[in-house]
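Hydrogens, waters and symmetry mates play no part in the numbers below; they use all other heavy atoms, side chains included. Order of the sequence lines fixes the chain letters, A, B, ..., with proteins taken first and strands second; residue numbering starts at 1 for each chain. Everything numeric in this text was worked out from a predicted model, so none of it was measured.
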Amino acid sequence: MEGAAIVGAGHTRFGVRPEGPRALAQEAIRRALASVDRGVDGRTIDEGFLATLGFGGWQLGNASTVVAEAVGATGLPVTRIENACASGGFAIRAAIRAVQSGAELVVVVGVEKMTDVDQARRRYWLGVSGDTEWERLSGLTFAGVYALLASRYIADRPDAREAMRRVAVKNHANGALNPNAHFQKAVSASDVDRAPRVAAPLGLFDCCPVTDGAAAVLVTRASNARRYTDTPIYVSGVGAATDRLAVQERDEFPHFAASRRAAAEAFRSAPFGPRAVQLAELHDCFTIAELLALEDVGLVGPNEAVAATNAGRTERSGDIPVNPDGGLKAKGHPIGATGVSQVYEVFVQLRGAAGARQIPGAERALAHNVGGAGATATVTIFERG
Amino acid sequence: MHATHWRLGIARPRWTLGGRAVVPFDEDEFTLAVRALERAGVRTGTIHWAGRRAEVADDDLAAALGGPVTIVDHGAGLPAVESAALGATADAAEGRMSAFLAVSAPRERADGSPAGALAAAGGRSTPAGPRRSLDRSTIEGSDEGEGIFRAAGRWWRSAAEREAVEFGGLAEDHPHFAADAAPYFDRWRVAEATATRTVSQGAYLPKARYQDGRLSRWRLIADRCSRCSSTTFPQRGACGRCGATDGLAAVELPREGRVVASTRIAPGSQPTEFDPIATAEGGYGVVLVELAPGVRATLMVADAPTTLVGIGARVATQLRRLYGIDGEWRYGRKAVGPLDRGPSAVSPPPASSP
Ligand SMILES: [Zn+2]
């Protein structure tokens with residue numbers, strides 16, 4: 001089957017932004033078009049995907065028209081994809097499928113505007129993607145659901161608290177080197193420990209922030225990629241899966257079977273296995289999620305995430321650097337943008353253009369995007385050509 | 001003379017104020033009535049109701065107990081107790097399943113009536129259930145003051161002395177659950193005054209879907225698959241393991257279980273429907289309880305200020321108010337306890353102060 005390649009990627013600064021979602025999406029698309037080495041006319045794009053939850057309800061219907069307007073191609077077919085926090089990953093997957101079906105150049109935009117919504121509505125929009133009938137009615141938002149997962153994980157692994165603390169410290173240190181990150185400030189282990197609890201055992205520094213931002217990438221057929229650049233980033237495999245919506249019904253609790261299935265599918269077509277991955281973007285909406293993901297996508301073996309993290313293997317200097325851009329934890333998690341932002345990071349890292357946070361010599365990377373508390377997940381694998 | 005067998009069930013909130021039982025934010029006439037009737041083994045038949053009935057509908061009580069019931073409302077006050085008791089004994093004497101129920105859930109400090117409910121289920125074929133010899137002092141001795149609950153206890157005691165009835169058993173809350181309501185009583189009442197006017201932001205469930213879910217949320221009903229014998233909870237119309245859509249039998253899950261995951265939600269981290277209880281009680285716990293092997297339910301922890309349940313603890317479940325919405329209360333089971341702290345209890349750290 002025809003392969004796919006990434007030939008351009010753009011990213012806005014993540015954080016508290018004065019602009020609305022339309023302007024953020026436009027900025028990301030403009031930057032993605034400008035990043036194409038040999039140049040590209042936006043009007044040659046023949047398919048588009050928009051990933052957004054529509055946080056705050058800004059444009060729940062027909063939001064995809066924003067993308068067509070932004071690329072100056074009135075009439076462009078654009079599909080909006082909503083799978084909660086995994087919307088971006090599923091949109092990337094849809095773009096890969098589109099070029100496999102004959103599309104020439106596909107734009108994927110992820111955007112979310114979250115900070116202009118008042119506190120009560122924010123808690124509503126942060127909760128809509130979980131199970132309502134049991135999880136919400138027992139008084140949980142997402143932090144509470146992940147706290148339940150963390151409590152179980154910690155009970156079975158005494159050193160897990162130390163590993164969660166290290167995830168927070170590491171990702172903030174990485175974010176400090178990323179000019180697009182929401183938080184560009186390192187934190188200490190004692191900052192993490194002293195932070196107020198949100199949902200025990202999770203404290204404030206175990207949780208990702210509420211963030212505005214957008215990211216965009218351009219996907220084309222592998223055989224056409226060099227028309228746009230000498231250094232395309234090729235897609236080696238993509239996988240996606242779902243699980244039961246409510247955590248209480250999951251067979252593999254506290255693990256995410258959706259992540260495991262998505263990774264298995266992605267690696268089936270890749271010419272290398274998970275242990276050959278040199279850089280991973282893992283969905284760390286809470287510190288516990290990075291530990292679960294390390295095991296679920298197979299970067300480490302079962303029950304090895306705590307030891308790997310506590311040994312520093314996931315730091316930028318380690319053998320499996322995870323979230324060199326700061327992750328959701330420090331870079332921020334504008335819901336629909338996150339999965340696209342992960343691919344942006346893979347694109348700049350594998351092309352050696354990541355600046356101060358560059359992982360030297362990285363050629364094979366993985367991006368892992370989760371919706372809700374593991375109800376949906378995608379894994380995409382990339383390599384430099 | 002034919003002696004009717006009666007089984008008693010008593011429900012008392014765990015909270016006391018000045019030695020008198022009081023209702024917390026999440027208890028009312030409905031939750032107390034359901035608990036007393038469950039303990040008396042009542043599932044169906046006529047219920048002679050003495051005491052304020054609030055907005056409890058026949059349909060709600062039937063959904064909570066698991067069978068068709070008819071409520072005969074005898075009104076409030078002391079004469080209602082005798083009227084309801086006479087109604088129940090007359091039904092039972094004719095061989096009909098019948099229950100007497102006295103409920104009191106006063107929400108004012110000035111009211112001397114203690115909160116609680118007493119149910120007596122009677123008939124020639126008294127349903128089976130837990131049996132314990134009647135301790136009359138439990139009924140009368142615990143209930144000081146003038147109130148419907150005390151009157152009910154006194155009436156049954158005198159009935160027993162006349163040997164018109166024989167008591168089959170008594171079930172009530174674990175006595176060690178008692179807790180002092182003083183720091184919370186006024187905060188509960190403030191919360192209650194606004195609770196049903198809450199704007200739903202996060203846990204909204206349309207009323208029809210809420211009512212559809214009552215079987216699983218109130219009575220913990222699951223589906224047992226005859227093909228692969230796995231249990232699916234809540235009911236989904238198909239086996240969660242093998243996908244079979246026929247051969248599914250509704251089963252009631254145990255109402256006690258072991259905590260397998262536990263968190264404590266700090267005030268401000270709750271869906272807004274839970275603002276009143278989070279504010280009044282300084283946050284709350286939520287636990288994942290294994291009710292049967294591989295079958296779990298996510299439950300809020302009731303009576304949060306005095307309750308810390310960690311992984312490994314064994315808990316019971318009780319019907320409580322979840323939250324108020326659209327001018328009504330929504331109910332569901334919460335975890336209560338712990339009954340024991342388990343072999344390898346791990347307690348979560350307390351939430352930071354609000
Ligand atoms: Zn089956």
Side-chain angles (χ1 to χ4, degrees), chain A residues 56 117-156 158 161 193-204 207 244-254 286 288 373, chain B residues 199-205 209-210 212-213 216-217 232-234 236 240-241 259-266 268-275 277-278 283-289 294-301 310-312 322-323 330 332-335 344 346 348-353:
Chain A
V117 176
D118 73 51
Q119 273 290 345
R121 284 189 178 78
R122 199 176 286 178
R123 279 186 273 153
Y124 167 76
W125 282 97
L126 289 173
V128 291
S129 307
D131 169 74
T132 301
E133 301 193 15
W134 281 89
E135 288 172 2
R136 288 297 88 71
L137 261 65
S138 64
L140 295 176
T141 57
F142 268 118
V145 176
Y146 274 94
L148 286 180
L149 298 167
S151 76
R152 181 72 254 170
Y153 192 84
I154 290 167
D156 297 335
R161 275 180 194 278
D193 289 344
R194 283 203 311 264
R197 295 301 95 183
V198 171
L202 301 181
L204 195 59
C207 310
R244 293 172 187 283
L245 182 57
V247 165
Q248 70 183 29
E249 295 175 58
R250 306 250 180 96
D251 290 336
E252 296 177 30
F253 168 82
F286 298 92
I288 178 65
Chain B
V199 175
S200 184
Q201 291 286 359
Y204 186 71
L205 199 56
R209 202 142 56 83
Y210 161 74
D212 286 348
S216 59
R217 202 171 300 111
T232 302
F233 176 80
R236 298 283 190 213
R241 172 94 34 207
V259 172
V260 296
S262 171
T263 182
R264 192 171 167 86
I265 305 298
S269 298
Q270 71 282 357
T272 46
E273 286 84 349
F274 299 93
D275 285 359
I277 194 163
Y284 49 79
V286 179
V287 288
L288 200 53
V289 180
V295 182
R296 311 179 201 100
T298 316
L299 301 169
M300 185 182 288
V301 178
I311 290 174
L322 294 180
Y323 58 77
R330 298 277 170 92
R333 285 195 172 263
K334 291 187 183 179
S344 57
V346 180
S352 60
S353 47

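If you check the side chains of A:Q248 and B:T298, you find a donor sitting under 3.5 Å from an acceptor.
Atom-to-atom distance recorded for A:L202:CG and B:T263:OG1 is 6.5 Å, nearest 0.5 angstrom. Here A:R136 contributes atom CZ and B:E273 contributes atom CD; the two are 10.0 Å apart, rounded to the nearest 0.5 Å. Separating the CG atom in A:L140 from the CZ atom in B:F274 is a distance of 8.5 Å, to the nearest 0.5 Å. The CZ atom of B:R333 lies 15.0 Å from the CG atom of A:L137; values are rounded to the nearest 0.5 Å.
Between the side chain of B:R296 and the backbone N or O of A:R250 there is at least one donor-acceptor pair closer than 3.5 Å. For B:S269 (side chain) and A:V198 (main-chain N/O), a donor-acceptor pair under 3.5 Å exists by modelled atom type. Remark: the backbone N or O of B:Q270 is not paired with any side-chain donor or acceptor of A:T141 at under 3.5 angstrom.
The only option from B:R209, B:R236, B:R330 that meets the salt bridge (charged side-chain N to carboxylate O under 4.0 Å, His left out) definition with A:E133 turns out to be B:R209.
Contacts between B:L322 and chain A at a heavy-atom distance below 4.5 Å involve the side chain alone, from C-beta outward. Of the two parts of B:S216, the backbone and the side chain both hold a non-hydrogen atom closer than 4.5 Å to a non-hydrogen atom of chain A. Of the two parts of A:R244, only the side chain, counted from C-beta on, holds a non-hydrogen atom closer than 4.5 Å to a non-hydrogen atom of chain B. Contacts of B:V287 with chain A are made by backbone atoms alone, with heavy-atom separations under 4.5 Å and no side-chain atom involved. Both the backbone and the side chain of B:R217 come within less than 4.5 Å of a heavy atom in chain A.
A search for side-chain hydrogen bond (donor to acceptor under 3.5 Å, both in side chains) contacts involving A:Y153 returns A:E295, not counting sequence neighbours. Scanning for side-chain hydrogen bond (donor to acceptor under 3.5 Å, both in side chains) contacts around A:D193 gives A:R165, with sequence neighbours left out.
Taking both residues in full, the closest heavy atoms of B:P271 and A:G139 are given as CD-O, 3.4 Å, listed atom of the first, atom of the second, then distance. Annotation for A:W134 and B:A297: closest pair CZ3-CB, 4.1 Å, computed over non-hydrogen atoms. In terms of heavy atoms, B:S262 sits closest to A:S151 at N-OG, 2.9 Å.
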Next item on the list: Could you go through the side chain to side chain contact (heavy atoms under 4.5 Å, CB included) check for A:D251 and B:R241 one step at a time?
Entry: CA-CA 10 Å; A:D251 290 336; B:R241 172 94 34 207; 3.9 Å; yes
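When the candidates B:A261, B:G294, B:A335 are compared by the number of heavy-atom contacts under 4.5 Å with chain A, B:A261 comes out ahead.
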